[in-house]
Amino acid sequence: MIGGLFIYNHKGEVLISRVYRDDIGRNAVDAFRVNVIHARQQVRSPVTNIARTSFFHVKRSNIWLAAVTKQNVNAAMVFEFLYKMCDVMAAYFGKISEENIKSNFVLIYELLDEILDFGYPQNSETGALKTFITQQGIKSQHQTKEEQSQITSQVTGQIGWRREGIKYRRNELFLDVLESVNLLMSPQGQVLSAHVSGRVVMKSYLSGMPECKFGMNDKIVIEKQGKGTADETSKSGKQSIAIDDCTFHQCVRLSKFDSERSISFIPPDGEFELMRYRTTKDIILPFRVIPLVREVGRTKLEVKVVIKSNFKPSLLAQKIEVRIPTPLNTSGVQVICMKGKAKYKASENAIVWKIKRMAGMKESQISAEIELLPTNDKKKWARPPISMNFEVPFAPSGLKVRYLKVFEPKLNYSDHDVIKWVRYIGRSGIYETRC
Amino acid sequence: MTDSKYFTTTKKGEIFELKAELNSDKKEKKKEAVKKVIASMTVGKDVSALFPDVVNCMQTDNLELKKLVYLYLMNYAKSQPDMAIMAVNTFVKDCEDPNPLIRALAVRTMGCIRVDKITEYLCEPLRKCLKDEDPYVRKTAAVCVAKLHDINAQLVEDQGFLDTLKDLISDSNPMVVANAVAALSEIAESHPSSNLLDLNPQSINKLLTALNECTEWGQIFILDCLANYTPKDDREAQSICERVTPRLSHANSAVVLSAVKVLMKFMEMLSKDLDYYGTLLKKLAPPLVTLLSAEPELQYVALRNINLIVQKRPEILKHEMKVFFVKYNDPIYVKLEKLDIMIRLASQANIAQVLAELKEYATEVDVDFVRKAVRAIGRCAIKVEQSAERCVSTLLDLIQTKVNYVVQEAIVVIKDIFRKYPNKYESVIATLCENLDSLDEPEARAAMIWIVGEYAERIDNADELLESFLEGFHDESTQVQLQLLTAIVKLFLKKPTETQELVQQVLSLATQDSDNPDLRDRGYIYWRLLSTDPVAAKEVVLAEKPLISEETDLIEPTLLDELICYIGTLASVYHKPPSAFVEGGRGVVHKSLPPRTASSESAESPETAPTGAPPGEQPDVIPAQGDLLGDLLNLDLGPPVSGPPLATSSVQMGAVDLLGGGLDSLIGGTNFVAPPTAAVPANLGAPIGSGLSDLFDLTSGVGTLSGSYVAPKAVWLPAMKAKGLEISGTFTRQVGSISMDLQLTNKALQVMTDFAIQFNRNSFGLAPAAPLQVHAPLSPNQTVEISLPLSTVGSVMKMEPLNNLQVAVKNNIDVFYFSTLYPLHILFVEDGKMDRQMFLATWKDIPNENEAQFQIRDCPLNAGEDSEPPTPAPRLYPGPCTDWGLPRPCDPTEAASSKLQSSNIFTVAKRNVEGQDMLYQSLKLTNGIWVLAELRIQPGNPSCTLSLKCRAPEVSQHVYQAYETILKN
């Protein structure tokens, strides 16, 4: 199990150090600093073994979080725990920065004491933690006995993510379908790989202990239902999507999903990520990038890039940015673009072309002349791919929310009384075209 | 937002000031001071001097302050044990607090204070907390047992906490169950033999139920614990798998990987024909791919595990090549791992795509990554034959880029391609030679030199090229020097006329001017070869080379199986067993995959015991009648010895006899329908009691030689200990010559060559009479049988035990050592018959204290001349076989006598005294020691008495053992 946990700033100074196991000495703190943070070469693995002690680290901005152990621990669990710890800290005091950590070190120790016992991760749901770890040291006698047992039963309970007795005047929920579409395309326009990784994020403001059921146009479900009425299959079958794989928040009853493929759960209060999914089939690629790079002699490059939007003309894409890499020995660039603004950024070795908005089924073009300094470097320019960023108001995977039903048998509100909002946002993930 | 100021106090006299503040009357000031102390502690300052002052602040109703004081205590209690006692009262009191949070806090903290005296006080509060009404306290107390066990294991056992902890597995609260499982698993790891976790179908069912309800972390604990269980048959394995698969959709990657571990392990037990097996395979792929969209650190863990999974079951991800394509901004550690998996998945179907990708990668910036990509192209060429041509041309393109490290890497892999496909791509040599000057890395230089030497006849200026390397011979690394030496000798053998001077030069450089023994030795060998017999030299140096094997970098199968049991853990990240990086005994229990048993298979032989049961459970299947069982197994599996006086059938009869008589009690004497062998193979894999291990080691019965009794081959050197080389063997004596019959099996992935054997000095001067002749290289999974003649003229040193033989075997990989015991009867010489007078005189002459007496029990002498059919066909014995013990019609004494004679124990005289047969026998050892024996046989009694007299009484024990072995076979 985890033997100790350290947090360092970018200089390698310890901000937090908590040791859980006797086999971890103070020298471990220094070993990590010397061998990883101050290492001459960039570290090549997130797991480092120094003198039979293993260090796991993640970085958040310029803060290093390191877990250390001498045993054969579950490595995946340690990383999951480190991420979770970042989430918990962020939920308590915002951004993870040196200043925030120093300002909250007492709180962090208190959290570390609670969520890790003898190196075993314990309940780390912020919802539950916030009921009894607060920034104003609570005094024990101020709580009633009922309150206390409510806290403990929530922390250890089956539904550790939600407390009882939540009340809202207006029962409301928001569903965000957030997708990031990833593409790797060859210069000839052949799709080398494309996939969508999506998340369904839910914000719930619901009273009591509501039982929810979520439905989407999952091919397997639609086909199962469609068996009875062949009519519907032909109608909705086209719109259904094949989900390669999905994972769920711990509130979702997995065994039920496994047997019936239905997604049912009691949601945490407030915002949480209900599910993550991945699709690879029939992806709508919102943009197509057509590059043309020509080397004119040894000191000049001509670049022409066309982007085409490929969605309904009524929809608008936003925050479009095309990044065209330039060689290191670039001396000057001249750009001409039909739409938006383009600039050569020497520090980033790229031409950055920004377009605020662009409707569907349109096309735009940029051309640039890049002047190069003559070098005697034998190595050819690596030609990194042209990458793109954008945001579109639909789900590139084709996912549609069909329903989200809410049942609360004990309180007097029904599914119809709940106000529901659904929103789709498709963003570029790693959207690259080789040139 | 003001706490950060505590980090900035660095002035002198700080401790003194803090002391004053800690003793202040104002609560706020006290709290401030404790915070400062903790901040100093964090940055590594020694604030232990403040111990009493901080402990004084412990009595407070402010929970935050209390926690800070506890934190301080945990850090410094060990250095101030006497002071720490002051805190005990508060702890004990807090454990009774009405607030469950405070009770839990107290018990949690107390467990972290590693001071013996405090530990004693902890027991009572802990006992109460383990039974607390509040689940939060119970779950904390469960972990506390593990803490206490780490401090004082004996105390935990004495206090009975382990039983209480076991009870918590049935707790109503899932988190209590999860923590109890975690604690028990860890405690069990330090007691590998104890049956602490006691996993059985009922407890497994409880765990599976808790799995659905507890937190993500709890699910990991439970899944990791489940992975240690071995289901009793394939049905149970399947039902557990069915209940674990829903976890594959969990958002927590660790839950997913632990579920994968359970499934991968239990799948071993499922029959491949099962529909469910196929379904399961299909279900495994998507979650593994999903892991690749996690954060990069988790991706890395996942990729390291996928690497193992792909090697174990390539079918799972064979269609998922694309997801392993490298993204431009993947961290380097992810890129390198993806590349590895791409090559493993490369096949004829996807090779075009893979190659296109690899070529792309070869132009990236990161040097390591580029090198690996170039190497990968070479590996593809070797793996997928159809792609070789394209790979070679890709490599040539890359060489044209003239990027130094790309060129070097390409040359190294091209050398391997030449080895794999001889006489196909040599046309590219010219291009390679152009880049000779740019090579500055030893591996690339060595590869290039190898190529020049190997193809010297096709390269016009080979001599010039090699000569150019020779100039700076002493500055080269050993690798290059050795290669250069060989290459020039090759060149000389191919073009002797022009290169005489060159070869002279390199030989003298290697032998006279070098202080590297390897180089010098190789130089001398070549020199002598060339000067004595150039034709032989040609045969040796220019011998045809074996083709290199297809896949490289594969993990050894035994290690792979072990690592599969560690999926998700550090071991799977390092690709090393835990013993390689964990100190002490913790967590280094060797794990292995369960053997495949299917109930459908066992239907064929209903007597087969389930082999899936862990060794510890074996005695349930077979009553603990060690000796009897040992004999039985020995007889059953013993080879049909066909020494002339001893019919094959007699052996079988012996077995039957024993089964009938001895096993009567076991099988209740009812109709016993089974081949006698049926019950036995099932137990082969499982060691039953140490005493039997020798007998169990027998694997096959190959002993068809006539002559003295030959024991079946036993494994002398397991593959685990010898980097994949398994040696089993036995000793034989045949018409005066002793030999060691060896069976060498290559369980590694590489070809083994250059075998040699050597004995340590031993009691009887046994030594190999000829070198170990393994004619062809031993390729993976190949077995070869060799008979090594032995002489007894080697040097003598008394060993303990007397018949101990220490052997060293060498091959191209390493030297391995093992020791074995040889049966003494291989040393009984053919002229060991003493005449009667001499016998009588000698017997009297040897002092009585040199006489030793032994009982030989249960020897099946009566079976001597029976003529049952030799095959162990199933037979039906009607009713209880009471008559098996009766004497057979033949003469048992005669049988024994002839049996012994075939092993050179000669009967000198025979007498009948009071219904007992007395045999007087003599034998002589190779070193001339005479042993005289008196064997008393009572008809109808399965035991006989052996008296031995010898001038060297220490051999008696071993002679007795030889007697026993011979008579019982």
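Side chains included, hydrogens not; waters and symmetry mates left out as well; all remaining heavy atoms used. Below, chains carry the letters A, B, ... as their sequence lines are ordered, and counting in each starts from 1.
With a 4.5 angstrom heavy-atom cutoff, B:Pro98 touches chain A only via backbone atoms. With a 4.5 angstrom heavy-atom cutoff, A:Asp244 touches chain B only via backbone atoms. Proximity to chain B involves both the backbone and the side chain of A:Ser124, based on heavy atoms less than 4.5 angstrom apart. Heavy-atom distances place no part of A:Met275 under 4.5 Å from chain B, backbone and side chain included. For A:Arg253, no part sits under 4.5 Å from any heavy atom of chain B, backbone or side chain. For a residue to count as touching a neighbouring chain, one of its non-hydrogen atoms must lie under 4.5 Å from one of that chain's; by this rule A:Tyr277 does not touch chain B. Heavy-atom distances place the side chain of A:Phe56, and not its backbone, under 4.5 Å from chain B.
Counting only heavy atoms from C-beta outward, the side chains of B:Leu248 and A:Asp258 never approach each other to under 4.5 Å. Side-chain contact check for B:Leu68 versus A:Val106: some heavy-atom pair is nearer than 4.5 Å. Two residues are said to be in side-chain contact when any heavy atoms from C-beta on lie closer than 4.5 Å; A:Val47 and B:Tyr574 meet this criterion.
Contacts of B:Phe325 classified as ring-ring contact (aromatic ring centres under 6.0 Å, His included), with partners at least two apart in sequence or in another chain: none.
Looking at B:Val256, B:Val289, B:Leu288, B:Thr290 one by one, the single match for side chain to side chain contact (heavy atoms under 4.5 Å, CB included) with A:Asp245 turns out to be B:Thr290.
Note on A:Lys59 versus B:Glu297: no salt bridge recorded, every NZ/NE/NH1/NH2 to OD/OE distance being 4.0 Å or above. Residues A:Asp113 and B:Arg108 are paired through a salt bridge, judged by an N-O separation under 4.0 Å between the basic side chain and the carboxylate.
Of the N and O atoms on the side chains of B:Thr569 and A:Asn72, at least one donor lies less than 3.5 Å from an acceptor on the other residue.
Atoms CZ and CG, from A:Arg278 and B:Leu291 in turn, are 9.0 Å apart once rounded to the nearest 0.5 Å. The CD atom of A:Gln250 lies 9.0 Å from the SG atom of B:Cys214; values are rounded to the nearest 0.5 Å.
Smallest separation of non-hydrogen atoms from A:Val14 and B:Val43: O-CG1, 3.8 Å.
Each salt bridge (Lys or Arg N to Asp or Glu O under 4.0 Å) pair with one or both residues in residues 322-332 of chain B, not counting sequence neighbours, appears once here: B:Asp330-B:Lys338.
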Practice prompt. Apply side-chain contact (heavy atoms from CB on, under 4.5 Å) to the pair A:Arg44 and B:Asp366, showing each step before the final yes or no.
Written response: CA-CA 12 Å; A:Arg44 306 237 123 183; B:Asp366 190 289; 2.8 Å; yes
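Chain B forms more heavy-atom pairs under 4.5 Å with one residue of A:Glu98, A:Lys84, A:Glu13 than with any other, namely A:Lys84.
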